[in-house]
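Here is the structure we will look at.
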Amino acid sequence: MQPTKSSAESGTVAEQYNGFTAEERAAMKEHAQEQKKAAARRGSRAEKEAAAEREVFAKIAEMPEADRVFAERIHAIVKAAAPDLTPKLWYWMPAYARDGKVFCHFQSAQKFKSRYATLGFSDQATLDDGVMWPTAYALKELTAADEQRISALIEKAVG
C-alpha cells in the first residue's frame with residue numbers, strides 16, 4: 001500500500017485549506033446562538049427575565065420611530081401598573097406575562113402594515129364585562145387620559 005500525499009505535498013490549490021465556507025460560518029453562528037439560548041435557559045429566573053427584557057428592548061429599538069414611542073410608553077405603563085408581569089417576546093412582539101402566560105402585547109403598525117398600532121390582551125386577562133368585551137385596542141396617539149385608561153385596563157387584566 002502506497003502512502004498518500006498530503007494536500008500540502010500535492011500542491012493543488014483545490015486541496016489546500018482556505019478557511020471556512022460561508023455556509024460553515026453561518027452554521028457556526030447559528031450554533032453559537034443556540035448555545036447562548038441554552039445557557040440562558042439554565043440560568044436563574046432573574047437572569048432569564050433580564051435576558052427576555054433585553055430582547056424586548058432590542059425589538060422595540062428596531063421599530064420605526066412612531067411605533068417605538070408607543071412601545072416604550074406601553075412598556076412603562078405596564079411596568080408601573082403591574083410590576084409582577086415580566087416582559088418577553090411573543091410572536092416577535094413585546095408582551096407581558098406572569099408565570100409564562102401572556103396577559104397583553106404590543107403590535108406595531110409597521111409589522112402588519114396597519115394604519116394603527118395595537119394593544120392586545122389574551123384570554124388570561126380578566127377584562128370580562130358581561131358576555132362580550134374588547135380584547136384589542138387601536139393606538140393612534142397616547143394622551144395622558146389614554147395612558148390612565150391603559151393603566152386601569154392593565155390593572156384589571158391582571159386582577
Side-chain angles (χ1 to χ4, degrees), residues 20-159:
F20 296 108
T21 66
E23 292 82 9
E24 289 169 329
R25 284 191 299 277
M28 287 186 283
K29 285 181 183 177
E30 185 177 334
H31 178 69
Q33 289 292 346
E34 289 171 6
Q35 293 301 311
K36 250 170 106 173
K37 287 181 183 178
R41 286 192 295 268
R42 290 189 296 265
S44 72
R45 181 179 181 136
E47 290 170 334
K48 290 176 189 177
E49 289 175 1
E53 189 163 22
R54 284 190 301 274
E55 288 178 341
V56 167
F57 283 135
K59 184 55 69 178
I60 290 171
E62 294 173 2
M63 294 178 184
E65 184 179 359
D67 287 336
R68 186 173 58 250
V69 170
F70 278 142
E72 289 170 347
R73 288 303 307 138
I74 294 297
H75 180 81
I77 293 166
V78 172
K79 293 301 287 178
D84 63 319
L85 293 184
T86 55
K88 65 183 273 181
L89 289 181
W90 185 64
Y91 296 103
W92 297 106
M93 295 180 285
Y96 303 87
R98 182 189 296 145
D99 298 326
K101 296 180 180 177
V102 171
F103 277 75
C104 61
H105 69 278
F106 174 80
Q107 179 179 305
S108 73
Q110 179 268 336
K111 183 168 180 74
F112 294 104
K113 297 176 178 47
S114 176
R115 63 185 180 96
Y116 51 81
T118 306
L119 173 63
F121 292 88
S122 76
D123 63 338
Q124 296 298 312
T126 56
L127 296 175
D128 304 36
D129 183 18
V131 295
M132 185 172 78
W133 57 90
T135 60
Y137 295 84
L139 303 172
K140 292 200 68 154
E141 66 178 72
L142 281 178
T143 65
D146 297 325
E147 291 183 9
Q148 287 178 340
R149 183 174 178 204
I150 290 169
S151 182
L153 282 168
I154 299 295
E155 289 172 3
K156 182 177 181 185
V158 298

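This structure is a prediction, so every number in the text was calculated from the model and none was measured.
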| field | Counterpart residues, ring-ring contact (aromatic ring centres under 6.0 Å, His included), relative to His75 (two or more places apart) | value |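 His75 satisfies ring-ring contact (aromatic ring centres under 6.0 Å, His included) with Phe57, Tyr96 only.
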Measure across [X] and [Y] and return the closest heavy-atom pair with its distance rounded to 0.1 Å.
{"X": "Val78", "Y": "Cys104", "value": "CG2-SG, 4.2 Å"}
{"X": "Ala81", "Y": "Glu155", "value": "O-CG, 3.7 Å"}
{"X": "Trp90", "Y": "Ala95", "value": "CB-CB, 3.5 Å"}
{"X": "Lys79", "Y": "Leu85", "value": "NZ-O, 3.5 Å"}

| request: With the side chain counted from C-beta on, respond yes when Ile74 and Pro94 share a heavy-atom pair under 4.5 Å apart, and no when they do not. | output: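 Of all side-chain heavy-atom pairs linking Pro94 with Ile74, none is under 4.5 Å.
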| Under 3.5 Å: donor-acceptor pair, side chain of Arg25, backbone of Phe20 |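 Side chain of Arg25 to backbone of Phe20: a pair is present.
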| request: Mark yes or no for whether Ser122, through its side chain, and Gln124, through its backbone, hold a donor-acceptor pair below 3.5 Å. | output: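 Indeed, once roles are kept as given, a pair shorter than 3.5 Å links the two residues.
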[X] side, atom [atom1]; [Y] side, atom [atom2] - distance, nearest 0.5 Å:
{"X": "Leu153", "Y": "Phe103", "atom1": "CG", "atom2": "CZ", "value": "14.0 Å"}
{"X": "Leu119", "Y": "Ile154", "atom1": "CG", "atom2": "CD1", "value": "5.5 Å"}
{"X": "Arg98", "Y": "Asp84", "atom1": "CZ", "atom2": "CG", "value": "4.5 Å"}
{"X": "Glu23", "Y": "Met28", "atom1": "CD", "atom2": "CE", "value": "11.0 Å"}

Can you give me every donor-acceptor pair (side chain of residues 127-143, partner residue at least two apart or in another chain, under 3.5 Å) with its distance?
{"unit_1": "Thr143", "atom_1": "OG1", "unit_2": "Ala145", "atom_2": "N", "d": "3.4"}
{"unit_1": "Thr143", "atom_1": "OG1", "unit_2": "Asp146", "atom_2": "N", "d": "3.1"}
{"unit_1": "Thr143", "atom_1": "OG1", "unit_2": "Asp146", "atom_2": "OD2", "d": "2.9"}

| message | Quick test of your reading of the model: are Lys59 and Glu55 salt-bridged, counting only N-O distances below 4.0 Å? | response |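 No.
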| message | Tell me whether the count of non-hydrogen atoms from other residues, nucleotides or ligands lying under 6.0 Å of CD in Glu65 goes above 12. | response |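 It does not: Glu65 CD has 12 such atoms or fewer within range.
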| request: Can you establish whether the number of heavy atoms outside Arg149 located under 6.0 Å from its atom CZ is more than 12? | output: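 No, because the 6.0 Å sphere around CZ of Arg149 holds 12 heavy atoms or fewer from other groups.
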Sequence neighbours left out, cut at 3.5 Å: what donor-acceptor pairs do the side chains of residues 105-116 make with other protein atoms?
{"unit_1": "Ser108", "atom_1": "OG", "unit_2": "Lys111", "atom_2": "N", "d": "3.1"}
{"unit_1": "Ser114", "atom_1": "OG", "unit_2": "Tyr116", "atom_2": "N", "d": "3.4"}
{"unit_1": "Ser114", "atom_1": "OG", "unit_2": "Tyr116", "atom_2": "O", "d": "3.2"}

